[in-house]
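First listed ligand is number 1; within each ligand, the first listed atom is number 1.
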Amino acid sequence: MKLYKKQELYIYNSLTKTKELFKPINEDTVGMYVCGPTVYSNVHLGNCRTFLSFDLIFRYLKHLGYKVRYVRNITDAGHLENDGESGEDPILKKARLEQLEPMEIVQKYTVNFHTTMASFNALPPSIEPTATGHIIEQIGIIETIISEGYAYEVNGSVYFDVHKFNEDYTYGKLSGRQLDEMITNTRELSAQSDKKNPQDFALWKKAESQHIMRWPSPWSVGFPGWHLECTAMSTKYLGEQFDIHGGGMDLKFPHHECEIAQAEASTKKSPVNYWMHTNMLTLNGKKMAKSTGNNILPQEIFSGDNTILSKPFSATITKFFMYQAHYRSILDFSNDALLASEKGFNRLLDAYRILKNIKASSTSDFNVTEWRQSCYDAMNDDFNSPILIGKLFDVVKIINSIKEGKITIDKSDLNLLQKTLHDFIFDVLGLEDTVATKTNDGTKLTKAIELLIELRNLARDNKDFEMSDKIRDQLLEAGIQLNDGKEGTTFSLN
Ligand code: AMP
Ligand code: ZN
């Protein structure tokens with residue numbers, strides 16, 4: 001029986017502002033769309049936090065036995081500087097600055113995004129569509145919205161008529177903003193604007209002469225508005241109504257609000273059942289952002305090459321640090337917090353390794369089944385990873401007590417304990433035992449051990465038995481056994 005049939009998962013829905021029992025539209029399949037990066041610079045750790053939060057969600061849904069179609073786009077056109085609405089296209093700006101083609105910029109930073117996510121051991125999404133690959137679909141949606149009467153064309157650009165839409169639907173229901181308030185809060189339109197109202201947003205923009213990325217359309221040679229790409233790609237791959245839509249909190253308004261309006265105006269249906277928003281990673285108490293320069297890059301953390309760091313930290317430790325906070329809480333980045341996470345994670349892995357060498361008894365003092373369910377309960381409560389990690393640490397203490405012979409565990413409980421730890425540490429949290437991972441490809445660890453075997457042989461030749469024994473014993477302590485035979489010395493991992 002699939003695990004999801006035994007577990008009740010609750011998800012905090014930003015639209016209703018309540019935790020709701022998760023029921024996918026199709027019983028065993030989940031459709032999830034997450035807004036991807038705008039690829040004009042290296043992703044910073046704040047961006048990574050959001051994508052890693054959704055990696056955890058993706059992994060847990062899969063772990064529960066759902067078939068998940070996870071769509072995460074690449075924004076390679078249309079996202080202008082001011083909430084996508086006006087100003088320059090940052091991709092074009094960067095292309096000019098670096099004297100590259102806009103598509104070279106897109107490629108460069110898409111590769112950076114992919115390598116960064118891979119270094120965090122994040123799973124790739126099922127589909128990763130690009131805005132520029134879906135111009136035809138976007139034009140189709142604009143035509144429908146115009147024919148439904150919720151958009152108008154002016155001088156080759158097309159705008160969504162927020163006021164007209166709000167007569168029939170509710171604009172602002174996700175962000176909780178009222179149109180009346182938006183009207184009083186918006187400054188007067190500049191004389192050049194073609195919009196009927198400042199709240200209207202662009203569906204299509206006529207390209208100015210310097211705008212290189214442009215496509216023909218019924219209205220002008222131009223480019224789509226930013227919000228439209230996500231409506232086009234989510235509908236195309238997940239249908240007019242799908243289960244989960246996610247992104248960072250800062251995308252709630254206007255981006256996601258506009259997505260809802262576009263979908264309702266073109267399909268008359270509410271597109272998403274569960275809206276999920278992740279909270280921000282901060283640095284010095286302020287949001288990490290590309291634009292302000294208040295950010296840290298993952299590569300700086302892995303190399304230690306940043307003045308706020310006392311040493312390098314691995315991707316797994318960085319991720320563990322982030323999962324020690326719930327995805328809806330603000331999290332502040334600091335060197336001390338990373339040091340504490342490193343200590344904690346090593347303790348957890350040590351316990352996991354100790355468990356492999358523990359001998360089972362005929363009795364059990366520890367109720368593994370109950371503890372295992374408490375791990376699921378944590379994740380079922382809106383993917384509460386800090387509570388889950390707390391549960392994993394509870395068992396570290398138990399494992400040490402078993403090792404010391406203070407409490408007993410029988411064979412089936414021992415197996416279940418091992419399996420549960422493995423499932424949550426490696427499959428659900430997607431953390432890595434880096435030594436083990438490196439051993440899989442054979443190279444680095446093997447070379448180091450071979451060198452130690454050579455040094456041990458040298459020590460033996462020199463009759464330095466103290467040294468040769470020390471090498472053998474300490475390797476054994478680390479779980480690496482040397483086996484002396486006729487053909488020389490081989491090694492095995494315990
Ligand atoms: P962008 O490339 O700017 O569209 O951002 C990609 C994703 O990163 C979006 O979902 C943003 O909400 C998210 N994001 C940006 N800054 C932060 C931050 N400081 N903490 C967490 N998520 C962020
Ligand atoms: Zn989006």
Hey, what's the ring geometry for [X] with [Y], parallel, tilted or perpendicular (30° and 60° as the breaks)?
| X | Y | answer |
| --- | --- | --- |
| Phe424 | His63 | tilted |
| Tyr66 | Tyr4 | parallel |
| Tyr171 | Phe165 | perpendicular |

For Lys205 and Ser157 the tightest heavy-atom approach is CA-OG, 3.6 Å
Exercise. Is it true that some N/O/S atom of His255, main chain or side chain, lies under 2.8 Å from the Zn ion (ligand 2)?
Worked result: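 Here the distance criterion (N, O or S atom, under 2.8 Å) is met by His255, so yes.
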- Task: Assess His227: does it contribute an N, O or S atom lying under 2.8 Å from the Zn ion (ligand 2)?
- Result: no
Starting from [atom], locate the nearest protein heavy atom and write down its residue, its atom name and how far away it is, to 0.1 Å.
| atom | result |
| --- | --- |
| atom 20 (N) of ligand 1 | Leu281 N, 2.8 Å |
| atom 15 (C) of ligand 1 | Asn47 ND2, 3.3 Å |
| atom 4 (O) of ligand 1 | Thr38 OG1, 3.6 Å |
| atom 23 (C) of ligand 1 | Gly46 O, 3.5 Å |
| atom 13 (C) of ligand 1 | Thr50 OG1, 3.8 Å |

May I ask you to check if ligand 1 and [X] share an N or O to N or O distance below 3.5 Å?
| X | result |
| --- | --- |
| Phe51 | no |
| Gly247 | no |
| His79 | no |
| Met288 | yes |
| Asn279 | no |

Practice task
Answer yes or no: is there an ion pair linking Asp382 with Arg328, defined by an N-O contact shorter than 4.0 Å?
Solution key: yes
- Query: Under 4.0 Å between a Lys/Arg side-chain N and an Asp/Glu carboxylate O for Lys195 and Glu85?
  - Reply: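 Salt bridge between Lys195 and Glu85, a charged N being under 4.0 Å from a carboxylate O: yes.
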Should the pair [X] and [Y] be classed as cation-pi, given the thresholds of under 6.0 Å to the six-membered ring centre and 45° from the axis?
| X | Y | answer |
| --- | --- | --- |
| Lys319 | Phe345 | no |
| Arg72 | Phe51 | yes |
| Arg177 | Phe253 | yes |

Please confirm whether the ring centroid of His256 lies under 6.0 Å from the ring centroid of His277.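 They qualify: ring centres under 6.0 Å apart.
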Check your understanding: Hey, is Val43 one of the residues with a heavy atom under 4.0 angstrom from ligand 1?
Key ->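 Judged by the 4.0 Å heavy-atom criterion, Val43 does not count as contacting ligand 1.
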Counting heavy atoms under 4.0 Å, the part of Met249 that contacts ligand 1 is neither
Check your understanding: Which is it for Asp250 and ligand 1 at heavy atoms under 4.0 Å: side chain, backbone, both or neither?
Key ->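 The part of Asp250 near ligand 1 is the side chain, not the backbone.
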In this structure, CD1 of Ile139 is separated from CD of Glu143 (nearest 0.5 Å) by 7.0 Å
Proximal ligand 1 atoms for [X], defined as those under 4.0 Å from one of its heavy atoms:
| X | answer |
| --- | --- |
| Leu251 | 9 (C), 10 (O), 12 (O) |
| Gly248 | 10 (O), 12 (O) |
| Lys287 | 16 (N), 19 (N) |

Option nearest atom 18 (C) of ligand 1 (shortest heavy-atom distance, choices Lys290, Met280, Arg72, Lys252)
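That would be Met280.
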Are any non-hydrogen side-chain atoms of Asp194 and Tyr152 less than 4.5 angstrom apart?
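The answer is no; the side chains never approach within 4.5 Å.
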